[in-house]
Student: 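One structure follows; several queries about it will come next.
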Number of protein chains: 2
Amino acid sequence: MKKRTSLKDIAEALGVSVTLVSYVMNNKTKEGRVAPETAQKIRQTAKELNYQPNQLARSLKSKRSQTIGLIVADISNPFFANLARTIEDEAHSLNYTVIFGSSDENHIKLKKVLDFLTTRQVDGFIIAPTDECKETLIELKKSQIPFVLIDRYFEDLPTNYVIIDNFQASLDATNHLLKKGHEKIGIIHYKSELIHFKQRVNGYLKALEMSGISPDPKYMQEVTYANFEADIKAALRNLIYEEEVEAIFFCTNTLALEGLKQMFDWGIKAPGQMDVVAFDQNVVYDFFNYFIPHIKQPIKEMGQEAVRILIGQINEKVPKINTVCLRTTLETQTIDQLKLKT
Amino acid sequence: MKKRTSLKDIAEALGVSVTLVSYVMNNKTKEGRVAPETAQKIRQTAKELNYQPNQLARSLKSKRSQTIGLIVADISNPFFANLARTIEDEAHSLNYTVIFGSSDENHIKLKKVLDFLTTRQVDGFIIAPTDECKETLIELKKSQIPFVLIDRYFEDLPTNYVIIDNFQASLDATNHLLKKGHEKIGIIHYKSELIHFKQRVNGYLKALEMSGISPDPKYMQEVTYANFEADIKAALRNLIYEEEVEAIFFCTNTLALEGLKQMFDWGIKAPGQMDVVAFDQNVVYDFFNYFIPHIKQPIKEMGQEAVRILIGQINEKVPKINTVCLRTTLETQTIDQLKLKT
DNA sequence: ATAACACGCTTAAACGTTTAAGCAAATAGA
DNA sequence: TCTATTTGCTTAAACGTTTAAGCGTGTTAT
């Protein structure tokens, strides 16, 4: 690789000091302390030699890498990919670069990625935490590297976070199914200690309670990450053929997708034959004969807020904890309404 | 942010020189030139102070940032998100970090992102080039920063690249439709100078020729990036209602998705009423009553090859150009066969 | 005439590493 | 006993920046 041109090269070419070149390139020619002709010459030579500042050296001096680390469960998951995209845009516009890593929902891997990115001197992290990663986050807090949790958080760990109102979202979803007259409503959720998942279950329970329906544990099916597909199949079989529920609420994007696929394979039309509500959006929903009611997350706002909060923290001397909880919307538009618009 | 501990901190704590600490931490205690007890003490103190090397400073010295820049059209596009994921895994395993940017298929933006990442002293780039970005790539070549093109390339620009055999893929796809007895086969492709798109058209033409069918320009529909949705709608209307084609080949992921959605909205069952072949995979295909024949790209191999070639180039003194062309497979499994397996 | 200041630039140190070179003390070889 | 080598460490310079401090000239004010 050819040597990139440095301030020194420009300085030598013109017989001036490196300092002077630095001042000019940074427009720190304070109070006309540099002769306009000199400045002009420097700028021109810089252009000719195609000078591009070495951000590494700059960072070393300033102790700011202008880089943020993004750690999500899996960058190839559409939800996180979309999030990554908005974070990229926001960060770049604020002159920050984004380096990323995937945790695969595994707290050991998360720690590994975190350490890996830390040696890169990131100025801060945006993290979608996994189950059981609280210890790692406590350590991270001690190191005083700023970070913002996204999508998920821990109730008893004061940190910055950007989340959605999972309880309300779930309440809305369940109410929607109740309003359609269903009483036997199933829910499929992950087995996880993550509070945001629990709140989704809580929202469901609250909605039932408010309608005077006492929840039936048999309608509530847990699925493990490890045995994802088989668990969903079993859960659905239970709900549909054993318990004969009238509607199903899928607590996440991935659960909804896999669940709908399974139902599709069994020839059960959703929502034609089985009312459902899904969490999060998906291109797949466009390919159903009926509109799939789902909870729409404000992904763009989430990404932007996370970046802004993080950069705020990076620049504060005494950072205060910032938490943001965004509202979701329940999309229940019927296919006919949809058609009218296009 | 708390000061991260440096070699100096360890050195001062023990009253030794920074150099010695550096030697120990890098296991460069060549030929027993450091007393084992000293080494032991240094290692322990390093652990106690939670020392993590500053990769920035290291990079400055070594002129290697151990970072690669990934530029794709849009990280939120599933194809690129998947690619990014395999690139991340491969890079991390080789001790490289990945920073990314999206070009939005716009060569101006690509140049901007490229410059932005260049100041970060990346050791090399993996780039999915856009239309009209050849000039930028020529400049990049001059700068001698190694790079590997992925998914797309330019015929008259000798560079490293990892692509698929688009011609063959397209040939396979069209042959599949021919074998089903169709003669009036439509194709929907992007209006673009990118050679890989052209080769997809060429494969289609070749297949027709080999079957002794003379291609009809009216069966070949161009779509612009700018007016994507409307163009596809018009193209489909033309092919289906005017030309009354018997089958359609969609040249990309996005075209297939949007096209199928449109057909779905019109109530045209694919492939029940209209045979199709799509390019690239998609979760959506699982939600059709029939199997959607499609060309499967070896995304994992593409990502891995790209990283390996790039890092090879970074380490070569006199790099040779490396090109890799991978074979695709045409997936034509019927839904019944699929069911048998699950 | 002389002090004061503005101007246009340079010197030097620092950020955290790496690495070649060097040096004093201990040990070995003769 | 004297030289040569090994051992265990240090000095110094460098990577490309930034930034406070400084230093001659020349101009202005008194």
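Chain naming here is simple, since letters A, B, ... match the order of the sequence lines and numbering starts at 1 in each.
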Student: Select one nucleotide: of C:dG8, C:dT17, D:dT18, the one nearest the side-chain heavy atoms of A:Ala35.
Tutor: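 Comparing C:dG8, C:dT17, D:dT18 against the side chain of A:Ala35, the answer is C:dG8.
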Student: Write down the distance between CG (B:Leu56) and P (C:dT17), rounded to a whole number of angstrom.
Tutor: 10 Å
Student: For C:dT18 and B:Ser22 - does any side-chain N or O of the residue sit under 4.0 Å from the phosphate oxygens OP1/OP2?
Tutor: yes
Student: Over all strands shown, is B:Ser6 touching base, sugar-phosphate only, or nothing at heavy-atom distances under 4.0 angstrom?
Tutor: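 Touches sugar-phosphate only.
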Student: Could you check whether B:Lys61 gets within reach of a base, just the sugar-phosphate, or nothing at all, counting any heavy atom under 4.0 Å?
Tutor: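 Base: the residue B:Lys61, judged by heavy atoms under 4.0 Å, touches a nucleobase.
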Student: Measure NZ/B:Lys8 against C1'/C:dC15 and give the value in whole Å, please.
Tutor: 9 Å
Student: Start at the 5' end of DNA chain D and walk down; is the nucleotide closest to B:Leu20 or to B:Leu60 reached first?
Tutor: B:Leu20
Student: Between B:Lys134 and B:Glu193, is there a salt bridge with N-O shorter than 4.0 Å?
Tutor: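 Salt bridge flag = no for B:Lys134 with B:Glu193.
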Student: In this structure, how many angstroms lie between the P atom of D:dT19 and the CG atom of A:Asn27, rounded?
Tutor: 13 Å
Student: On DNA chain D, compare the nucleotides closest to B:Pro36 and B:Lys63; which residue's is nearer the 5' end?
Tutor: B:Pro36
Student: Below 4.0 angstrom from OP1 or OP2 of C:dT18, is there any side-chain N or O of B:Asn26?
Tutor: yes
Student: Looking across every strand, which nucleic acid part, if any, lies under 4.0 Å from A:Thr19 by heavy atom: base, sugar-phosphate, or nothing?
Tutor: base
Student: Should B:Ser17 be listed as having a side-chain N or O under 4.0 Å from OP1 or OP2 of D:dC9?
Tutor: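 It does not, given that no N or O in the side chain of B:Ser17 lies less than 4.0 Å from OP1 or OP2 of D:dC9.
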Student: How many Å lie between OH on A:Tyr23 and C1' on D:dT17, as a whole number?
Tutor: 12 Å
Student: Using whole Å, what does the distance between atom C1' of nucleotide C:dA20 and atom NZ of B:Lys28 come to?
Tutor: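 Answer to the nearest Å: 12 Å.
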Student: Does the side chain of A:Asp104 come under 3.5 Å of the side chain of A:Ser102 through a donor N or O and an acceptor N or O?
Tutor: no
Student: CD of A:Gln52 versus P of D:dT17: gap in Å, rounded?
Tutor: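 It is 11 Å, rounded to the nearest whole Å.
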Student: Using whole Å, report how far OH of A:Tyr51 lies from P of D:dG16.
Tutor: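 Those two atoms, OH and P, are 10 Å apart.
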Student: What's the separation between atom CG in B:Asn95 and atom OG1 in B:Thr67, rounded to the nearest 0.5 Å?
Tutor: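 Result: 9.5 Å between the selected atoms.
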Student: Ignoring backbone atoms, test whether A:Arg58 places a side-chain nitrogen or oxygen under 4.0 Å from the OP1 or OP2 oxygen of D:dG16.
Tutor: no
Student: Assess the side chains of B:Arg120 and A:Asn54: does a donor N or O sit below 3.5 Å from an acceptor N or O?
Tutor: no
Student: Which residue in the set A:Ile309, A:Val148, A:Thr159 passes side-chain contact (heavy atoms from CB on, under 4.5 Å) when paired with A:Asn322?
Tutor: A:Ile309
Student: Provide, to the nearest angstrom, the distance between the CD1 atom belonging to A:Ile10 and the C1' atom belonging to D:dG16.
Tutor: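 It is 12 Å, rounded to the nearest whole Å.
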Student: Within the 4.0 Å heavy-atom criterion, would you say A:Thr38 contacts the bases, only the backbone, or no part of the nucleic acid?
Tutor: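 Sugar-phosphate only.
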Student: Within the structure, does a side-chain N or O atom of A:Arg4 lie under 4.0 Å from either OP1 or OP2 of D:dG16?
Tutor: no
